[in-house]
Amino acid sequence: MMINARILATAGHVLINSNGSHLKSVRMQFGQNGNYVYYNTSDFKSYIYRGGYETDRPVEGDYGFIVFKDNTVSKYTGHMGIVTVPSKNDTLYTAGYPGDKGYYYMYAASGNIVSMENDLIYHNMDTMGGQSGSPVYIIGSNGYPYLVAMHSSGAGTVNIARRLETGLFYWLRDNGYLG
C-alpha cells in the first residue's frame, strides 16, 4: 500500500530472499484480478528494512518500504493516510492475495484489535500465507483509509501486524521519505 506519492509500505521479510540475501529486483503488481493486472512495475529507486533483518528477524522488525523514483505508481493507485496511534476500539480492515486462494484474486477481511504493543498489533482478521505486507488499516471519520500496520504473520485466530508507530513514522519523515 502506498503511504505517499513515492513510498510503498510492506513487511520486511518480503524484501529479503529466504537465504538472507538482498533482492536484485522486485516486481509489483497492483489490482490483480485473475490474469488481469491493473498496473505493474519493477521500476523503483531503493528499498528499506530494519538493519540486520537479513539474519535477525524479530516480528517487531518486520517492516519494509519500497521507494519509487517518482509518483507514477501513486497516479494509478492513490495512497493511504497514516494513523500512528490507533484506538483499541477501531475496526480493522485488510486486503491481500491469500495463497490458499491461488494468489490471483484480492480478498478483504475486517476484524478487531485483540491487543496492541508499541510495535505490534494482534488482530483477529482472517489472513493466510501470501498476505504478508498487506495493509492493516482503519476507515477515518472522513471515509478515507488510514494505514496503521503492515500484516506480518499468522494464519489462525490471532494474527500479527507491524505497527507504523510514531518512532518509525518520525524516522521516515526525518529522513525525507514522507516529505
Side-chain angles (χ1 to χ4, degrees), residues 1-57 59-84 93-109 127-138 144-153 161-165 167-179:
M1 82 290 321
M2 298 295 292
I3 58 173
N4 76 6
R6 294 182 36 243
I7 306 291
L8 180 138
T10 188
H13 72 265
V14 304
L15 299 175
I16 301 172
N17 290 314
S18 58
N19 65 4
S21 65
H22 298 273
L23 295 177
K24 302 285 187 247
S25 65
V26 178
R27 182 171 159 233
M28 293 152 283
Q29 297 178 308
F30 300 89
Q32 185 169 354
N33 187 4
N35 291 326
Y36 172 80
V37 176
Y38 174 69
Y39 182 76
N40 68 68
T41 186
S42 58
D43 187 23
F44 67 97
K45 180 179 176 181
S46 61
Y47 53 89
I48 303 163
Y49 56 82
R50 180 183 159 270
Y53 196 72
E54 304 91 341
T55 56
D56 180 23
R57 296 186 182 193
V59 70
E60 296 86 359
D62 196 8
Y63 58 84
F65 304 94
I66 296 174
V67 182
F68 292 97
K69 297 173 185 175
D70 57 33
N71 66 349
T72 301
V73 173
S74 67
K75 286 181 182 178
Y76 290 96
T77 65
H79 61 274
M80 293 184 173
I82 298 169
V83 168
T84 58
Y93 300 91
T94 192
Y97 298 86
D100 66 330
K101 305 289 188 196
Y103 303 105
Y104 294 106
Y105 296 94
M106 182 182 288
Y107 288 84
T127 62
M128 186 55 72
Q131 288 183 252
S132 293
S134 293
V136 173
Y137 61 97
I138 62 172
Y144 292 110
Y146 291 87
L147 180 76
V148 297
M150 295 77 75
H151 179 68
S152 177
S153 59
R162 175 46 162 98
R163 284 184 56 200
L164 185 53
E165 40 72 34
L168 188 52
F169 175 85
Y170 286 142
W171 185 90
L172 287 167
R173 185 197 68 188
D174 294 348
N175 284 281
Y177 295 107
L178 296 178

Side-chain donor-acceptor pairs under 3.5 Å in residues 168-179, sequence neighbours left out?
unit_1 : atom_1 : unit_2 : atom_2 : d
Asn175 : ND2    : Trp171 : O      : 2.8

Return all side-chain donor-acceptor pairs below 3.5 angstrom for residues 23-40, not counting sequence neighbours, or 'none' if the list is empty.
unit_1 : atom_1 : unit_2 : atom_2 : d
Gln32  : NE2    : Gly34  : O      : 3.0

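Considering all non-hydrogen atoms of both residues, Val59 and Ser153 come closest at CG2-OG, 4.1 Å. For the residue pair Gly99 and Met128, the shortest heavy atom distance occurs at N-CG, 4.4 Å. Shortest non-hydrogen contact noted between Ser132 and Ser152 is OG-O, 3.5 Å. Nearest heavy-atom pair, His151 versus Ala11, reported as atom, atom and distance to 0.1 Å: O-CB, 3.8 Å. Between Arg57 and Gly20 the shortest heavy-atom distance is NH2-CA, 3.8 Å. In plain terms, the two heavy atoms of Arg162 and Glu165 that are nearest each other are NH1-OE2, 3.2 Å.
From Ser74, atom OG reaches atom OH of Tyr76 across 11.0 Å, with rounding to the nearest 0.5 Å. The CG atom of Asn19 sits 12.0 Å away from atom OG1 of Thr55, with the distance rounded to the nearest 0.5 Å. With values rounded to the nearest 0.5 angstrom, Arg6 atom CZ is found 11.0 Å from Ile3 atom CD1. Here the straight-line distance linking atom OG1 of Thr77 with atom NZ of Lys75 works out to 12.0 Å at 0.5 Å rounding. Rounding to the nearest 0.5 Å places CE of Met106 at 9.0 Å from OG1 of Thr94. The NE2 atom of His22 sits 11.0 Å away from atom CG of Leu15, with the distance rounded to the nearest 0.5 Å.
Using bins of under 30°, 30° to 60° and over 60° for the plane-to-plane angle, the ring pair Tyr47/Tyr49 lands in the parallel bin.
Side-chain atoms of Thr10 never come within 3.5 Å of backbone atoms of Phe65 as a donor-acceptor pair (strictly under, hydrogens ignored). A donor-acceptor pair under 3.5 Å links the side-chain atoms of Asn4 to the main chain of Ile7, judged by distance alone.
Val83 places a side-chain heavy atom less than 4.5 Å from the side chain of Ile138. In this structure the side chain of Tyr137 never reaches within 4.5 angstrom of the side chain of Tyr146, judged on heavy atoms.
Tyr103 has its ring centre no less than 6.0 Å from the ring centre of Tyr97.
Side-chain N/O atoms of Thr41 and Asp43 include no donor and acceptor closer than 3.5 Å. With 3.5 Å as the limit, one finds a donor-acceptor pair spanning the side chains of His13 and Asp62.
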